[in-house]
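Below is one structure; the comments refer to it alone.
Numbered from 1 within each chain, the chains take letters A, B, ... in sequence-line order. Just so it is clear, the structure is predicted and the values come from calculations on it, not from any experiment. Computed from heavy atoms alone, side chains included, the values below leave out hydrogens, waters and symmetry copies.
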There are 2 protein chains.
Amino acid sequence: MRARRANSREKILAAAAAVAREAGPGSLSLEAVASRAGVSKGGLLYNFPTKAKLMQGLVENYLSDFQKALEARAAEAGHESVLSAYIKLSADDCEQPKPSASWMFSAIAEDPDFLTPIKAFKRQLFERLKEETDDLGSLLVCFLAIEGMRSMNLFDSDVLSESERQLLVATLLKIAG
Amino acid sequence: MRARRANSREKILAAAAAVAREAGPGSLSLEAVASRAGVSKGGLLYNFPTKAKLMQGLVENYLSDFQKALEARAAEAGHESVLSAYIKLSADDCEQPKPSASWMFSAIAEDPDFLTPIKAFKRQLFERLKEETDDLGSLLVCFLAIEGMRSMNLFDSDVLSESERQLLVATLLKIAG
DNA sequence: TTGACAAGACCGTCCAGCCGGTACAGTAAG
DNA sequence: CTTACTGTACCGGCTGGACGGTCTTGTCAA
């Protein structure tokens, strides 16, 4: 299990995300990822026997990172609700001009089912948010607005200006109470 | 311009959307589209000399359809605002369980720039909505929530139940005033 | 007959996955 | 200590197949 020089697995995952972000989701080939990770193609295939496994690894990595970040935010003092934590986390995520998850498009092209765990995660998160409020309408609006913000970031959409995004987040936090 | 049997161009566009929707965005090849459209590959390439042109046609077709539908809604009696029309139109669009625009993923994989006209269109729409209200915060929330709803539909996400979506739309219409 | 349009074989390119190698760490017998 | 063996981590050339785009050969309406 231990790697001799470094953890190739993580390097490869990071490289895959970088390639998709910088060269476009259509350019996410095994060779490109291997080269970017400073690993040979054979080495990549050793860690991820198949491209599907690589995609799966990307999804799992993304989800566990997200989970960790959300938990950290929610545990911070001064957060009255998980929803607020989610809003702030998403706002920070969308701060970055470059979409960090373009690899999702590659995954969808490969097989739409790769996103199933992400859908399940979102539903789970939604259920959790439902438990801490009695105003389902407001929650829905907030939840979907965040979804919209994330989606725009994913599509690298500069439809909203910086100040508009800030106003949006402020308004959402007010609604969230 | 006139076609001998039917309008091949539209048939091809529809076939492309159908292939992306049913076989997955990764399966949108020229041969698959041609076959689905009941046209030979040569015939397809006659109408769209290149795959890029086909994608472009898909985008333009989508945008003009959307524009027409929105204008029709906005012109209907009883609509007090374009925002309401946009909300209702989007609600109806998302009624269909199958995402009608999976081809967008193929376009992104081909070249993310294909979506530039869509971004421009959205910005334009947003500017238009801004002019009919003085509550920018509420508009942002509504606009992004719609974006989120559309995004979930696009990703074929069944995160929200039917009744939840209805409540969402009702709440949005209330916010929109 | 002609020319607009369609057919599909064909070519070059690209890529996922395979496979035969290499290097090295740990183990253990002599 | 040394030699032989084993399993892990990684390398990179190869191949078979798929796909985009070209080209030649039809075909049918006027």
Side-chain angles (χ1 to χ4, degrees), chain A residues 1-20 22-59 102-103 105-114, chain B residues 1-20 22-59 102-103 105-114:
Chain A
M1 189 50 100
R2 55 163 167 248
R4 235 159 338 163
R5 287 172 188 155
N7 197 341
S8 292
R9 229 187 119 86
E10 309 228 337
K11 272 202 311 185
I12 291 170
L13 254 12
V19 168
E22 287 161 27
S27 307
L28 204 158
S29 68
L30 296 186
E31 271 132 349
V33 173
S35 156
R36 174 78 189 225
V39 157
S40 80
K41 200 172 167 187
L44 196 167
L45 267 322
Y46 178 79
N47 287 278
F48 298 95
T50 214
K51 196 178 189 181
K53 292 281 185 189
L54 174 61
M55 298 301 186
Q56 196 183 321
L58 245 8
V59 170
S102 315
W103 54 263
F105 295 126
S106 320
I108 291 177
E110 198 74 15
D111 182 352
D113 288 344
F114 281 127
Chain B
M1 188 49 102
R2 58 164 167 247
R4 239 166 330 172
R5 291 180 184 148
N7 196 338
S8 292
R9 228 187 120 86
E10 308 231 337
K11 272 202 311 186
I12 291 169
L13 255 11
V19 169
E22 287 161 27
S27 307
L28 202 154
S29 67
L30 296 187
E31 271 127 350
V33 173
S35 154
R36 174 77 190 223
V39 156
S40 79
K41 198 174 166 185
L44 195 168
L45 267 319
Y46 179 79
N47 287 279
F48 298 94
T50 218
K51 195 178 189 181
K53 292 282 185 189
L54 175 60
M55 297 301 185
Q56 196 183 321
L58 245 7
V59 170
S102 315
W103 54 264
F105 296 126
S106 320
I108 291 178
E110 197 73 15
D111 182 353
D113 287 345
F114 280 127

DNA chain C contacts made by residues 42-52 of chain A, counting heavy atoms under 4.0 Å: A:T50, A:K51
Nearest-Å distance for atom pair CD/P, residues B:E31 and C:dA9: 11 Å
Among C:dA7, C:dA16, C:dC10, the one nearest B:K41 by side-chain distance: C:dC10
Any B:V33 side-chain heavy atom under 4.5 Å of B:K51 side chain: no
Value in whole Å for how far the P atom of D:dG21 lies from CE of B:M55: 10 Å
Atom pair CZ/OG of B:F48 and B:S8 - distance to nearest 0.5 Å: 9.5 Å
A:T50 side chain vs A:K53 backbone, donor-acceptor pair below 3.5 Å: no
Which residues share a side chain to side chain contact (heavy atoms under 4.5 Å, CB included) with B:A17, sequence neighbours left out: B:W103
Under 4.0 angstrom between B:S8 side-chain N/O and C:dC5 OP1 or OP2: no
Sugar-phosphate only, base, or nothing, as touched by A:L54 at under 4.0 Å among non-hydrogen atoms: nothing
Interatomic distance, B:L30 CG vs C:dA6 C1' [rounded to whole Å]: 16 Å
From B:I12 atom CD1 to B:L45 atom CG, the distance as rounded to the nearest 0.5 Å: 9.5 Å
A:S40 side chain near D:dC11 phosphate (N/O to OP1/OP2, under 4.0 Å): yes
Check: A:S29 side chain, A:A32 main-chain N or O, donor-acceptor pair, under 3.5 Å: yes
